[in-house]
S.K.: 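Below is one structure. I have some questions about it.
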There are 2 protein chains.
Amino acid sequence: MSKLSAEDIEKRLLGLPEWEYYDDAIHAEFEFENFKDCFSAMSRIAFECEALNHHPDWSNVYNVLTISLTTHSVNGVTEKDFKLAKAIEAIVEPDEED
Amino acid sequence: MSKLSAEDIEKRLLGLPEWEYYDDAIHAEFEFENFKDCFSAMSRIAFECEALNHHPDWSNVYNVLTISLTTHSVNGVTEKDFKLAKAIEAIVEPDEED
(Lines give C-alpha, C1' and ligand atoms only; values in the text may rest on other atoms or scores of the structure.)
Protein backbone atom coordinates (compact mmCIF):
# COMPACT_ATOMS: atom_id res chain seq x y z
CA MET A 1 0.00 0.00 0.00
CA SER A 2 1.81 3.15 -1.15
CA LYS A 3 1.45 6.69 0.14
CA LEU A 4 -0.61 8.92 -2.14
CA SER A 5 0.66 12.31 -3.26
CA ALA A 6 -1.06 15.46 -2.04
CA GLU A 7 -2.36 15.93 -5.59
CA ASP A 8 -3.85 12.42 -5.72
CA ILE A 9 -5.42 12.93 -2.32
CA GLU A 10 -7.03 16.25 -3.26
CA LYS A 11 -8.37 14.67 -6.46
CA ARG A 12 -9.97 11.81 -4.50
CA LEU A 13 -11.38 14.24 -1.94
CA LEU A 14 -13.53 15.88 -4.63
CA GLY A 15 -15.85 12.90 -4.19
CA LEU A 16 -15.81 13.24 -0.40
CA PRO A 17 -16.76 16.84 0.39
CA GLU A 18 -16.98 16.23 4.16
CA TRP A 19 -13.28 15.33 4.33
CA GLU A 20 -10.19 17.53 4.51
CA TYR A 21 -6.52 16.68 4.08
CA TYR A 22 -3.86 17.99 6.46
CA ASP A 23 -1.10 16.61 8.74
CA ASP A 24 -0.70 13.44 6.63
CA ALA A 25 -4.28 12.34 7.29
CA ILE A 26 -7.84 12.92 6.06
CA HIS A 27 -10.31 14.29 8.60
CA ALA A 28 -14.07 14.65 8.93
CA GLU A 29 -16.56 15.66 11.60
CA PHE A 30 -20.13 14.37 11.71
CA GLU A 31 -23.01 15.61 13.81
CA PHE A 32 -25.91 13.41 14.85
CA GLU A 33 -29.22 13.93 16.59
CA ASN A 34 -27.93 12.64 19.93
CA PHE A 35 -25.43 10.29 21.56
CA LYS A 36 -27.38 7.13 20.74
CA ASP A 37 -27.46 7.93 17.03
CA CYS A 38 -23.80 8.85 17.09
CA PHE A 39 -22.70 5.71 18.89
CA SER A 40 -24.89 3.55 16.65
CA ALA A 41 -23.01 4.94 13.64
CA MET A 42 -19.72 4.29 15.46
CA SER A 43 -20.72 0.66 16.00
CA ARG A 44 -21.46 0.18 12.32
CA ILE A 45 -18.18 1.88 11.43
CA ALA A 46 -16.33 -0.39 13.89
CA PHE A 47 -17.50 -3.46 11.98
CA GLU A 48 -16.25 -1.95 8.69
CA CYS A 49 -12.88 -1.21 10.30
CA GLU A 50 -12.50 -4.81 11.37
CA ALA A 51 -13.56 -6.06 7.93
CA LEU A 52 -11.04 -3.75 6.22
CA ASN A 53 -8.44 -4.34 8.95
CA HIS A 54 -7.92 -0.58 9.08
CA HIS A 55 -8.75 1.59 12.08
CA PRO A 56 -9.42 5.28 12.61
CA ASP A 57 -8.18 7.79 15.13
CA TRP A 58 -11.58 8.99 16.28
CA SER A 59 -13.19 10.84 19.11
CA ASN A 60 -16.69 11.52 20.30
CA VAL A 61 -18.36 14.17 22.43
CA TYR A 62 -22.10 13.54 22.85
CA ASN A 63 -23.53 13.84 19.30
CA VAL A 64 -20.32 14.77 17.47
CA LEU A 65 -17.93 12.28 15.92
CA THR A 66 -14.49 13.38 14.70
CA ILE A 67 -12.51 10.98 12.52
CA SER A 68 -8.95 11.05 11.20
CA LEU A 69 -7.68 8.42 8.80
CA THR A 70 -4.05 7.74 8.03
CA THR A 71 -1.91 4.71 7.25
CA HIS A 72 0.67 4.62 10.04
CA SER A 73 2.97 2.18 8.22
CA VAL A 74 3.66 4.71 5.44
CA ASN A 75 3.09 7.83 7.56
CA GLY A 76 0.54 9.16 5.08
CA VAL A 77 -2.72 8.59 3.26
CA THR A 78 -3.25 5.48 1.10
CA GLU A 79 -6.09 3.82 -0.80
CA LYS A 80 -6.96 2.01 2.46
CA ASP A 81 -7.93 5.35 4.01
CA PHE A 82 -10.19 6.20 1.07
CA LYS A 83 -11.79 2.76 1.17
CA LEU A 84 -12.63 3.27 4.84
CA ALA A 85 -13.74 6.91 4.29
CA LYS A 86 -16.20 5.71 1.63
CA ALA A 87 -17.51 2.98 3.93
CA ILE A 88 -17.98 5.59 6.67
CA GLU A 89 -19.82 7.92 4.29
CA ALA A 90 -22.19 5.11 3.32
CA ILE A 91 -23.03 4.70 7.00
CA VAL A 92 -23.34 8.31 8.11
CA GLU A 93 -24.80 9.76 4.92
CA PRO A 94 -27.01 6.92 3.65
CA ASP A 95 -29.09 9.28 1.47
CA GLU A 96 -26.07 9.95 -0.69
CA GLU A 97 -25.83 6.26 -1.45
CA ASP A 98 -28.83 6.21 -3.77
CA MET B 1 -25.13 18.88 40.83
CA SER B 2 -22.38 21.09 42.30
CA LYS B 3 -18.75 21.39 41.25
CA LEU B 4 -16.37 19.54 43.56
CA SER B 5 -13.30 21.26 44.99
CA ALA B 6 -9.83 20.13 43.89
CA GLU B 7 -9.36 18.68 47.38
CA ASP B 8 -12.59 16.65 47.19
CA ILE B 9 -11.64 15.42 43.74
CA GLU B 10 -8.16 14.28 44.80
CA LYS B 11 -9.69 12.49 47.80
CA ARG B 12 -12.15 10.62 45.56
CA LEU B 13 -9.38 9.77 43.09
CA LEU B 14 -7.59 7.73 45.76
CA GLY B 15 -10.11 5.00 44.98
CA LEU B 16 -9.57 5.37 41.22
CA PRO B 17 -5.81 5.06 40.63
CA GLU B 18 -6.15 5.02 36.82
CA TRP B 19 -7.63 8.51 36.81
CA GLU B 20 -5.95 11.92 36.96
CA TYR B 21 -7.41 15.36 37.55
CA TYR B 22 -6.39 18.37 35.45
CA ASP B 23 -8.05 21.00 33.25
CA ASP B 24 -11.38 20.78 35.14
CA ALA B 25 -11.84 17.12 34.20
CA ILE B 26 -10.76 13.63 35.25
CA HIS B 27 -8.87 11.58 32.67
CA ALA B 28 -7.88 7.95 32.13
CA GLU B 29 -6.33 5.85 29.40
CA PHE B 30 -7.03 2.14 28.98
CA GLU B 31 -5.21 -0.35 26.79
CA PHE B 32 -6.85 -3.49 25.43
CA GLU B 33 -5.69 -6.57 23.54
CA ASN B 34 -6.95 -5.25 20.20
CA PHE B 35 -9.58 -3.02 18.55
CA LYS B 36 -12.42 -5.51 19.03
CA ASP B 37 -11.85 -5.73 22.78
CA CYS B 38 -11.53 -1.96 23.00
CA PHE B 39 -14.69 -1.24 21.04
CA SER B 40 -16.61 -3.90 22.99
CA ALA B 41 -15.74 -2.04 26.19
CA MET B 42 -16.77 1.23 24.55
CA SER B 43 -20.17 -0.29 23.69
CA ARG B 44 -20.74 -1.36 27.28
CA ILE B 45 -19.65 2.08 28.48
CA ALA B 46 -22.04 3.73 25.98
CA PHE B 47 -25.00 1.97 27.60
CA GLU B 48 -23.91 3.18 31.05
CA CYS B 49 -23.62 6.73 29.70
CA GLU B 50 -27.16 6.62 28.41
CA ALA B 51 -28.42 5.13 31.68
CA LEU B 52 -26.66 7.86 33.70
CA ASN B 53 -27.48 10.53 31.11
CA HIS B 54 -23.85 11.64 31.28
CA HIS B 55 -21.42 11.37 28.39
CA PRO B 56 -17.65 11.33 28.07
CA ASP B 57 -15.21 13.12 25.84
CA TRP B 58 -13.41 10.05 24.55
CA SER B 59 -11.15 8.95 21.77
CA ASN B 60 -9.86 5.68 20.44
CA VAL B 61 -6.86 4.62 18.39
CA TYR B 62 -6.84 0.86 17.71
CA ASN B 63 -6.52 -0.75 21.18
CA VAL B 64 -6.23 2.42 23.25
CA LEU B 65 -9.18 4.28 24.77
CA THR B 66 -8.72 7.75 26.28
CA ILE B 67 -11.54 9.17 28.39
CA SER B 68 -12.12 12.60 29.93
CA LEU B 69 -15.06 13.27 32.22
CA THR B 70 -16.36 16.68 33.14
CA THR B 71 -19.73 18.27 33.84
CA HIS B 72 -20.07 20.98 31.20
CA SER B 73 -22.97 22.73 32.97
CA VAL B 74 -20.75 23.61 35.96
CA ASN B 75 -17.45 23.69 34.04
CA GLY B 76 -15.90 21.23 36.45
CA VAL B 77 -16.04 17.80 38.04
CA THR B 78 -19.13 16.62 39.93
CA GLU B 79 -20.43 13.42 41.53
CA LYS B 80 -21.87 12.52 38.11
CA ASP B 81 -18.34 12.19 36.76
CA PHE B 82 -17.30 9.89 39.60
CA LYS B 83 -20.41 7.79 39.15
CA LEU B 84 -19.57 7.30 35.49
CA ALA B 85 -15.85 6.74 36.22
CA LYS B 86 -16.76 3.94 38.64
CA ALA B 87 -19.14 2.38 36.08
CA ILE B 88 -16.32 2.53 33.50
CA GLU B 89 -13.86 0.91 35.93
CA ALA B 90 -16.31 -1.92 36.56
CA ILE B 91 -16.36 -2.56 32.80
CA VAL B 92 -12.69 -2.22 31.92
CA GLU B 93 -11.21 -3.67 35.10
CA PRO B 94 -13.74 -6.36 36.05
CA ASP B 95 -11.17 -8.23 38.22
CA GLU B 96 -11.08 -5.31 40.62
CA GLU B 97 -14.81 -5.70 41.18
CA ASP B 98 -14.47 -8.89 43.19
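Lettering of chains follows the sequences in order, A, B, ..., and the numbering in each one begins at 1.
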S.K.: Taking the side chain as every heavy atom from C-beta outward, state whether A:Leu16 and A:Glu89 have any pair of such atoms under 4.5 Å apart.
M.R.: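 Counting from C-beta outward, A:Leu16 and A:Glu89 do come under 4.5 Å.
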S.K.: Step through it carefully: locate the ring centre of A:Phe47, locate the ring centre of B:Phe35, and say whether they are under 6.0 Å apart.
M.R.: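 Between A:Phe47 and B:Phe35, the centre distance exceeds or equals 6.0 Å.
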S.K.: For chain A, which candidate among B:Asn60, B:Asn34, B:Asp57 shows the most heavy-atom pairs at distances under 4.5 Å?
M.R.: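 The option with the most such pairs is B:Asn60.
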S.K.: Going by the ring pair (Phe, Tyr, Trp, His ring centres under 6.0 Å) test, name the single residue among B:Trp58, B:Tyr22, B:Tyr21 that passes it with B:His27.
M.R.: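 Between B:His27 and the candidates, ring pair (Phe, Tyr, Trp, His ring centres under 6.0 Å) is satisfied uniquely by B:Tyr22.
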S.K.: Where does the angle between the aromatic ring planes of A:Phe30 and A:Trp19 fall among parallel (under 30°), tilted (30 to 60°) and perpendicular (over 60°)?
M.R.: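 It falls in the perpendicular class, over 60°.
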S.K.: When rounded to the nearest 0.5 angstrom, what is the spacing between CD in B:Glu48 and CG in B:Leu84?
M.R.: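 Between B:Glu48 CD and B:Leu84 CG, I get 8.0 Å after rounding to 0.5 Å.
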S.K.: For chain A, which residues from residues 3-11 of chain B have at least one heavy atom closer than 4.5 Å to it?
M.R.: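 Residues qualifying by a heavy atom under 4.5 Å from chain A are absent, so none.
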S.K.: Between B:Cys38 and B:Leu65, which heavy-atom pair has the shortest distance, and what is it?
M.R.: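 Result for this residue pair: SG-CB, 3.8 Å.
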